Structures are given as structure tokens and as C-alpha cells.
Amino acid sequence: MLRAAVASIAAQPRQPDMVVASGDLTDCGLVEEYELLRDILKPLVMPVYLLPGNHDRRENLRLVFGGDGYLPMNGEHLHYTIEDQPLRVIALDTSCPAWAMARWMRRGSIG
């Protein structure tokens, strides 16, 4: 199903500026699953941003996708912002309590 979705996006005559894939990106959060996900997403020429769900393992997601430059490489949760697109994207890792997300935002992490 994901391969079909990627093929559909890649075949669009007007390409989106970016793709945000959210939640439960893998079944068990294994490194091999994230490597497969990377291969499946490879046909997409636009930036792809991942946001983990409760089935994802943050340390393995960082290991495979950390080199893409948008995921924080330290900390327990994977909150981040994307500032170089036509709109600001604020990605909040919902595996943490709401108070922790609010603290991250108050620290000035969202611009």
C-alpha cells in the first residue's frame, strides 16, 4: 500500500513541495524496517519528513534517517521544525506528555 502511495505521489504532474509521513512508520521499529522504508520512499524527489508514532523506535529512526538533517540527534523525543518551505512545519512527537511539548515550544525551539 505504501509503495502504491509513493508511486501515485511520484506520478503527479504537479509535485508537492514536501511530504510529511506521520505515525507508525514501521511495524516493530527495527533498523531493517527503517532501511526498507528509506528504499520505498526513494522515488520521491521532494523532501520527505518523518514523524514517529507510538510503534516507532526513536533511536532506530535517528540511526537510519538522522543524516537527513531535520531530526534532532539528541533528546528523548523527536520534535522539530521545518523553516525552509513555503510554510512552517512544527512536528511534535506525541509519545511525550503535553507539558513536555509545551516546554519544548517555550524554549524557543519553534522560531
Side-chain angles (χ1 to χ4, degrees):
M1 197 173 343
L2 179 58
R3 288 182 197 277
V6 167
S8 177
I9 293 168
Q12 296 302 309
R14 290 192 55 196
Q15 294 286 293
D17 292 325
M18 68 180 146
V19 171
V20 177
S22 63
D24 298 340
L25 303 165
T26 66
D27 188 33
C28 297
L30 303 175
V31 169
E32 297 80 18
E33 292 175 314
Y34 291 114
E35 289 170 344
L36 176 60
L37 177 62
R38 179 175 284 293
D39 287 343
I40 292 171
L41 296 173
K42 210 174 272 187
L44 298 176
V45 296
M46 72 289 298
V48 177
Y49 302 105
L50 305 179
L51 184 59
N54 62 327
H55 288 260
D56 290 300
R57 292 187 189 172
R58 278 112 188 106
E59 64 279 1
N60 290 343
L61 180 60
R62 279 186 179 120
L63 184 66
V64 176
F65 289 95
D68 292 358
Y70 65 92
L71 289 174
M73 294 310 292
N74 54 27
E76 183 179 354
H77 302 288
L78 296 179
H79 309 306
Y80 60 88
T81 60
I82 304 299
E83 305 280 346
D84 61 347
Q85 293 292 328
L87 59 101
R88 178 186 292 169
V89 176
I90 301 170
L92 298 174
D93 182 348
T94 59
S95 71
C96 72
W99 62 265
M101 286 186 264
R103 182 177 63 200
W104 177 81
M105 290 186 283
R106 279 195 303 271
R107 284 193 309 218
S109 299
I110 58 170

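Counting begins at 1 with the first residue of the sequence. Quantities reported herein were computed from a predicted structural model and do not represent experimental measurements.
Under the 4.5 Å side-chain criterion, counting only non-hydrogen atoms from C-beta, V64 is not in contact with N60. Residues L41 and D39 form no side-chain contact, since every pair of their non-hydrogen atoms from C-beta on lies 4.5 Å or further apart. The shortest side-chain heavy-atom distance between D68 and R38 falls under the 4.5 Å cut-off. Within the 4.5 Å cutoff, side-chain heavy atoms of L78 are placed close to those of R62. Within the 4.5 Å cutoff, side-chain heavy atoms of L37 are placed close to those of L2.
Between atom CG of residue L51 and atom CD1 of residue I90 there is a gap of 12.0 Å, rounded to the nearest 0.5 Å. Residue M46 holds its CE atom at 9.0 Å from CD of Q12, rounded to the nearest 0.5 Å. Residue S22 holds its OG atom at 11.5 Å from CG of D93, rounded to the nearest 0.5 Å.
Nearest heavy atoms, P52 versus L61: CB-CD2, 3.9 Å. Nearest heavy-atom pair, I40 versus P43, reported as atom, atom and distance to 0.1 Å: O-CD, 3.1 Å. For the residue pair L50 and L71, the shortest heavy atom distance occurs at O-CD2, 4.1 Å. For the pair Y70 and I82, the tightest heavy-atom approach, listed with the atom from each and the gap, is CB-CD1, 3.8 Å. Closest heavy-atom contact between R3 and L36: NH2-CD1, 3.6 Å. Closest of all the heavy-atom pairs between C28 and R57 is O-NE, 3.2 Å.
Y34 and F65 have perpendicular rings, their planes meeting at more than 60° on a 0 to 90° scale where under 30° would count as parallel.
Within the 3.5 Å criterion, the main-chain N or O of L92 finds no donor-acceptor partner in the side chain of H79. E35 places no side-chain N or O within donor-acceptor distance of the main-chain N or O of L30, the cut-off being under 3.5 Å. Between the side chain of Q15 and the backbone N or O of A10, at least one donor-acceptor pair lies under 3.5 Å.
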- Item | Evaluation steps, side-chain contact (heavy atoms from CB on, under 4.5 Å), between Y49 and V89 | CA-CA 10 Å; Y49 302 105; V89 176; 6.0 Å; no
